[in-house]
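Notes for the one structure printed next.
Worth saying up front: this structure is predicted, and the values here are computed from it rather than measured. All residue numbers in this chain count up from 1 along the given sequence.
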Amino acid sequence: CVTGVQTCALPILTMNVRLLAVIAGLLSASLVGTIVLAAPGDAPPAITGVSGWINAQKAGQATASRTPPWSKAGKVDFEKLLGKVVVVEFWATWCPPCRTTIPHLNALHKRHKDDGLVVVGLTGVDDGRQTTRQVERYAASNIDYLVGTLTGNETFQRYKVSGIPHAAVVGRDGKVTWSGHPLSPGFEAAVKTALSAGGAEAPSAPEKKGCSDCSGCSSGCGSDPSE
């Protein structure tokens, strides 16, 4: 763990990507535990393999089918999210640093959901570590924003996620503006900057007024990331 933020490793990447993660970690402390394909200014990588959505109604993102209006056939349509600021966050119920991050994301969601912020927590299920039912029960009691369950590793691999929690911020214009640990000092600043910036409007939207391996942590995965 570096700079007070902690991650849990995910054994889902190829050896070549793992080697790149080690090299990147040696070169830059801010990248320890995670490499993300999407750099600021890039379009976000595709999100596929979504087996279900949790908290859609609670998060204010439900349609008659109880799914978000910008999701279909297990995919996220970022075109329909133009004009919104989207936080894509990878997490798991078994990861202590992820659980530490959730209250912060809840507060961010509550404070800015009416300003156009959409928080999406993505987590893998039925992988031997957690089941869909376990995620549903945990999210119902602890999470206020939208949660998507993923089957398969494709989305994790596209985002090159090797450690969680990890977040990417997508601006109103549909471009990535920031990526990193959601308890890093720059995360909330990046969200606020994206919310205050102009960007593309969704074509159909009316105009509005208005832990598998935490041994690298010197103080343990369950410690306070702010310390």
At their closest point, which heavy atom of Phe187 faces which heavy atom of Ala167, and how far apart are they? CE1-CB, 4.0 Å

Would you indicate whether the side-chain heavy atoms of Phe156 and Leu122 approach each other to under 4.5 Å? no

Going by heavy atoms in the side chains, are Val191 and Trp178 under 4.5 Å from each other? no

Supply the atom-to-atom distance Trp94 CH2 to Arg99 CZ, rounded to the nearest 0.5 angstrom. 10.0 Å

Partners meeting salt bridge (Lys or Arg N to Asp or Glu O under 4.0 Å) with Glu154 (sequence neighbours left out): none

Distance col, row Thr101:OG1 vs Leu183:CG, nearest 0.5 angstrom, shows 4.0 Å

Do Leu108 and Tyr145 make a side-chain contact, defined as non-hydrogen atoms from C-beta onward lying under 4.5 Å apart? no

Is the shortest side-chain heavy-atom distance between Pro69 and Lys80 below 4.5 Å? no

Compare all side-chain heavy atoms of Asp144 with those of Asn55 and state whether any distance is below 4.5 angstrom. no

Heavy atoms, side chains only, cut-off 4.5 Å: are Pro44 and Tyr159 in contact? yes

I'd like to know whether Val76 forms a side chain to side chain contact (heavy atoms under 4.5 Å, CB included) with Leu81, so could you lay out the CA-CA distance, the side-chain angles of the two residues, the decisive distance to 0.1 Å, and finally the verdict. CA-CA 9 Å; Val76 170; Leu81 283 165; 4.0 Å; yes

Counting only N and O atoms by type, is there a donor-acceptor contact under 3.5 Å from the side chain of Thr48 to the main-chain atoms of Lys75? no

Residue set satisfying salt bridge (Lys or Arg N to Asp or Glu O under 4.0 Å) with Arg111, at least two apart, ordered chain then number -> Glu188

Can a donor-acceptor pair be found, under 3.5 Å and without considering hydrogens, that links the side chain of Lys58 to the backbone of Ala140? yes

For the side chain to side chain contact (heavy atoms under 4.5 Å, CB included) test, which of Leu150, Val135, Ile164 pairs with Thr123? Val135

Is the backbone N or O of Tyr138 less than 3.5 Å from a side-chain atom of Ser141, with the two atoms forming a donor-acceptor pair by type? no

Please give me the minimum heavy-atom distance between Ala194 and Val169, naming the atom from each residue. CB-CG1, 4.3 Å

Under 3.5 Å donor-acceptor, Arg172 side chain and Ala197 backbone: yes

Rounded to the nearest 0.5 angstrom, the CD1-OG1 distance for Ile54 and Thr149 is 5.5 Å

Looking only at heavy atoms, what is the nearest atom pair of Cys98 and Pro165, with distance? SG-N, 3.6 Å

Would you say that Trp91 contacts Leu105 through its side chain, given a criterion of any heavy-atom pair below 4.5 Å between the two side chains? no

Would you give the length of the straight line joining atom CD of Gln57 to atom OG1 of Thr67, rounded to the nearest 0.5 angstrom? 12.5 Å

Can you name the closest pair of heavy atoms from His109 and Ala59 and give their distance? CE1-O, 3.8 Å

Where His104 and Pro182 come nearest, the two heavy atoms and their spacing: CD2-O, 3.5 Å

Tell me if a side-chain donor or acceptor on Thr131 pairs with a main-chain N or O of Gln134 at a distance below 3.5 Å. yes

Quick one: closest heavy-atom pair of Leu146 and Ala56, and the distance? CD1-CA, 3.4 Å

Any idea how Trp53 and Trp70 line up, ring-wise: parallel (<30°), tilted (30 to 60°), or perpendicular (>60°)? perpendicular

Is a side-chain donor or acceptor of Asn106 paired with a backbone partner of Asn142 at a separation under 3.5 angstrom? yes

